[in-house]
Amino acid sequence: MLKRKTFWIIAVLLLLAAVVVLMKRISEASLNKMPVATGVQSAPAVLEFLPADIVEVSNTEVRKLLALSGALRAINQAAVKARVAGDVTEVLVREGEAVQAGQVLLKMDSSDYLARQEQAKGALAAARGQLDIARLARDNNIALLEKNFISKNAYDNTNSQYAIALANVDSVKGALNVAQKALADTVIRAPISGMISNRMVQPGEKISPDNRLLDVVDLRMLEMEAPVPTQDIASIKIGQAVQLKIEGVPAAVDGKVVRINPATTAGSRSIMTYVQVANPDTVLRAGMFGEAQLVVDKKAEVLTVPETAIQYEGEQAFVYAIENNVLQQKPVKLGLRGESQGKPVVEVLSGLAPQARIVKANLGRLRAGVSVKLITTTGKV
């Protein structure tokens, strides 16, 4: 019994060993049929580019721009307020209407102020009558005093009465002036020429002094308030030209820097700069958002390449150039960064010659020394 059991154990072990050997041989055969992996894809013999991938460098103007943004506001604007209390009878303008300085905008009920004016006129007439009587008495007493018919005290008394009557006339004149001004203030006129931007009153309303009634905005001259980082403020000068792009206006608008705030804005490291924009046709409106490109530096006729063509190996900048249909890696020394004809470019101080053809876009690491062909959608060229 024991011998039979031992026999079967040995047979099973031999069978397992045979299976292991067979599997190993199958695995080795499969590996021998697979290609050897090098870990690096073999580079193509020829690199193909579209014409749009290549650019020929040339001498152009490069400008370094500083972006500013802000809302336009009118330099001259006025809030029209009531000077006297009363009931509004007429409002002669609405939002969007053009007005001239001195034009009547609003009328109030003037009956009360007209009565006060007439009352002041009557008081003035009475005061002048009293003054005439006092003057006559004084003049008579002067003659009597010269003939010693009255005492000096009697004359002084009539002279004092004359002085009081004269002061009363002056006082009533002042009251009449106040009444006349109050009457005139019931008709409200435009303080400046411009357009009505807000109307806050309707006929029939009762208003008080200093109530805000209308807003008048002069659109002929606008300005944009734009924050500038402190590190860039030294590049901005009074009178510097600025081009603005205004929302809703297709053409660029010219402006100039007219003021620079002497202090930084609280809570930020920026300094407010004010760009003035002439608007004689009143096409622009207060509140429009604008973006300005301020030229802080520029160079003319310098060799430039697209910013997208620049790559780096450590701190060394380089571009891929095509020479004799072979791709070459060209180290370059860079200068001013900016834009040319609306596209970002970089000045090349050395490393490239004019009319050199380079790879315009950053296509990653390419293999220098390989042949290059340009292709089109219709085939190779």
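Atom set for the values below is all heavy atoms of this structure, side chains included, hydrogens, waters and symmetry mates excluded.
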Problem set entry | Heavy-atom pair of closest approach, residues P209 and R83 | CB-O, 3.8 Å

For this session: Determine whether I310 and Y312 make a side-chain contact, defined as any pair of heavy atoms from C-beta on separated by less than 4.5 Å.
Result: yes

Exercise. When rounded to the nearest 0.5 angstrom, what is the spacing between CZ in R128 and CD1 in I133?
Worked result: 15.0 Å

Exercise. Which heavy atom in P354 sits nearest to a heavy atom in L303, and how many Å separate them?
Worked result: CA-CD1, 3.9 Å

Exercise. Say you draw a straight line from OG1 of T265 to CG of N261; how long is it, rounded to the nearest 0.5 Å?
Worked result: 6.5 Å

Problem set entry | Residues, nucleotides or ligands: over 12 heavy atoms within 6.0 Å of E301 CD | yes

For this session: Taking T89 for its side chain and K107 for its backbone only, find out whether a donor-acceptor pair lies under 3.5 Å.
Result: yes

Problem set entry | Value rounded to 0.5 Å, distance of OG in S171 from CD1 in I164 | 13.0 Å

Under 3.5 Å, which donor-acceptor pairs link side chains of residues 69-78 to any protein atom two or more places apart or in another chain?
residue: R73; atom: NE; partner: E223; partner atom: OE2; Å: 3.1
residue: R73; atom: NH2; partner: E223; partner atom: OE2; Å: 3.0
residue: Q77; atom: NE2; partner: A74; partner atom: O; Å: 3.3

Problem set entry | Side chain E118, main chain A115, donor-acceptor under 3.5 Å | no

Exercise. Are K64 and E339 close enough for a salt bridge, meaning some N to O gap below 4.0 Å?
Worked result: no

For this session: Decide if atom CD of E56 counts as having more than 12 heavy atoms of other residues, nucleotides or ligands within a radius under 6.0 Å.
Result: yes

Exercise. Taking the side chain from Q316 and the backbone from E313, do they hold a donor-acceptor pair closer than 3.5 Å?
Worked result: no

Exercise. Does the N324 side chain pair with the main chain of V326, one donor and one acceptor, at a distance under 3.5 Å?
Worked result: no

For this session: Return yes when atom CG of D170 has more than 12 non-hydrogen atoms of other residues, nucleotides or ligands closer than 6.0 Å, and no otherwise.
Result: yes

For this session: Please examine the side chains of I322 and Q328, heavy atoms only from C-beta on, and report whether any two atoms are closer than 4.5 Å.
Result: no

For this session: Could you tell me whether the side chain of S193 and the main chain of A101 form a donor-acceptor pair under 3.5 Å?
Result: yes

Exercise. Are L92 and L106 close enough, and set up right, to give a side-chain contact (heavy atoms from CB on, under 4.5 Å), and what steps lead you there?
Worked result: CA-CA 6 Å; L92 304 176; L106 181 146; over 6 Å; no

Exercise. Does N279 reach the main-chain N or O of V283 with its side chain, forming a donor-acceptor pair under 3.5 Å?
Worked result: yes

Exercise. Can you name the nearest heavy-atom pair linking A82 to S208, along with the distance?
Worked result: CB-O, 3.4 Å

For this session: Following the transitive rule for hydrophobic clusters with a side-chain heavy-atom cut-off under 4.5 Å over Ile, Leu, Val, Met, Phe, Trp and Tyr, establish whether V216 and L219 coincide in one cluster.
Result: no

Exercise. Does the Y320 side chain pair with the main chain of L366, one donor and one acceptor, at a distance under 3.5 Å?
Worked result: yes

Problem set entry | OG1 on T308 to NZ on K343, rounded to 0.5 Å | 10.0 Å

Can I get a per-line list of side-chain donor-acceptor pairs under 3.5 Å for residues 194-206, giving both atom names and the distance, sequence neighbours left out?
residue: S197; atom: OG; partner: D215; partner atom: O; Å: 3.4
residue: N198; atom: ND2; partner: D215; partner atom: OD2; Å: 3.1
residue: R199; atom: NE; partner: V201; partner atom: O; Å: 3.1
residue: R199; atom: NH1; partner: V93; partner atom: O; Å: 2.9
residue: R199; atom: NH2; partner: Q202; partner atom: OE1; Å: 2.7
residue: E205; atom: OE2; partner: Q202; partner atom: N; Å: 3.3

Exercise. Is V242 reachable from L284 through a run of hydrophobic residues whose side-chain heavy atoms are each under 4.5 Å from the next?
Worked result: yes

Exercise. Between I358 and V57, is any pair of side-chain heavy atoms under 4.5 Å apart?
Worked result: yes

Exercise. Between S340 and T304, does any side-chain donor sit less than 3.5 Å from a side-chain acceptor?
Worked result: no

For this session: Using the side-chain contact (heavy atoms from CB on, under 4.5 Å) rule, take T230 and I271 through it: C-alpha gap first, then chi angles, then the decisive distance, then the call.
Result: CA-CA 6 Å; T230 53; I271 297 174; 4.2 Å; yes

Exercise. Taking the side chain as C-beta and beyond, is there a heavy-atom pair between K360 and D53 under 4.5 Å?
Worked result: no

For this session: For residues I375 and E48, determine if any side-chain heavy atom of one lies less than 4.5 Å from a side-chain heavy atom of the other.
Result: yes

Exercise. Would you say Y113 and Q180 make side-chain contact, with heavy atoms under 4.5 Å?
Worked result: no

Problem set entry | salt bridge (charged side-chain N to carboxylate O under 4.0 Å, His left out), paired with E347, selected from R63, K299, R337 | K299

Exercise. side-chain contact (heavy atoms from CB on, under 4.5 Å) between L327 and V359: does it pass, once the steps are laid out?
Worked result: CA-CA 9 Å; L327 189 69; V359 179; 4.1 Å; yes

Exercise. Does the ring of Y274 carry R259 above it, NZ/CZ under 6.0 angstrom from centre and within 45° of its axis?
Worked result: yes

Exercise. Applying the 4.5 Å side-chain criterion to the ILVMFWY set and letting contacts propagate, would V253 and L66 be lumped into a single cluster?
Worked result: yes

Exercise. Under a single-linkage definition using a 4.5 Å side-chain heavy-atom cutoff for Ile, Leu, Val, Met, Phe, Trp and Tyr, are I246 and V258 assigned to the same hydrophobic cluster?
Worked result: no

Exercise. Looking only at side chains, do Q311 and Q329 share a donor and an acceptor under 3.5 Å apart?
Worked result: no

Problem set entry | Nearest-0.5 Å distance, OG of residue S110 to CD of residue Q117 | 9.5 Å

Exercise. Are side-chain heavy atoms of D112 and L114 found at a separation under 4.5 Å?
Worked result: no

Exercise. Taking all atoms of both residues into account, what is the closest heavy-atom pair of L334 and L349, and its distance?
Worked result: O-CD1, 3.5 Å

Exercise. What distance do I188 atom CD1 and L214 atom CG have between them, rounded to the nearest 0.5 Å?
Worked result: 7.5 Å

Exercise. Can you name the closest pair of heavy atoms from D210 and K81 and give their distance?
Worked result: O-CD, 3.7 Å

Exercise. Do L183 and L176 share a hydrophobic cluster (ILVMFWY, side-chain heavy atoms under 4.5 Å, transitive)?
Worked result: no

Exercise. Backbone N or O of R220 within a donor-acceptor pair of the D218 side chain at under 3.5 Å?
Worked result: yes

Problem set entry | pair V84-M108: side-chain heavy atoms closer than 4.5 Å | yes

For this session: Could you tell me which non-hydrogen atom of R189 sits nearest to which non-hydrogen atom of G102, and how far apart they are?
Result: NH1-O, 3.1 Å

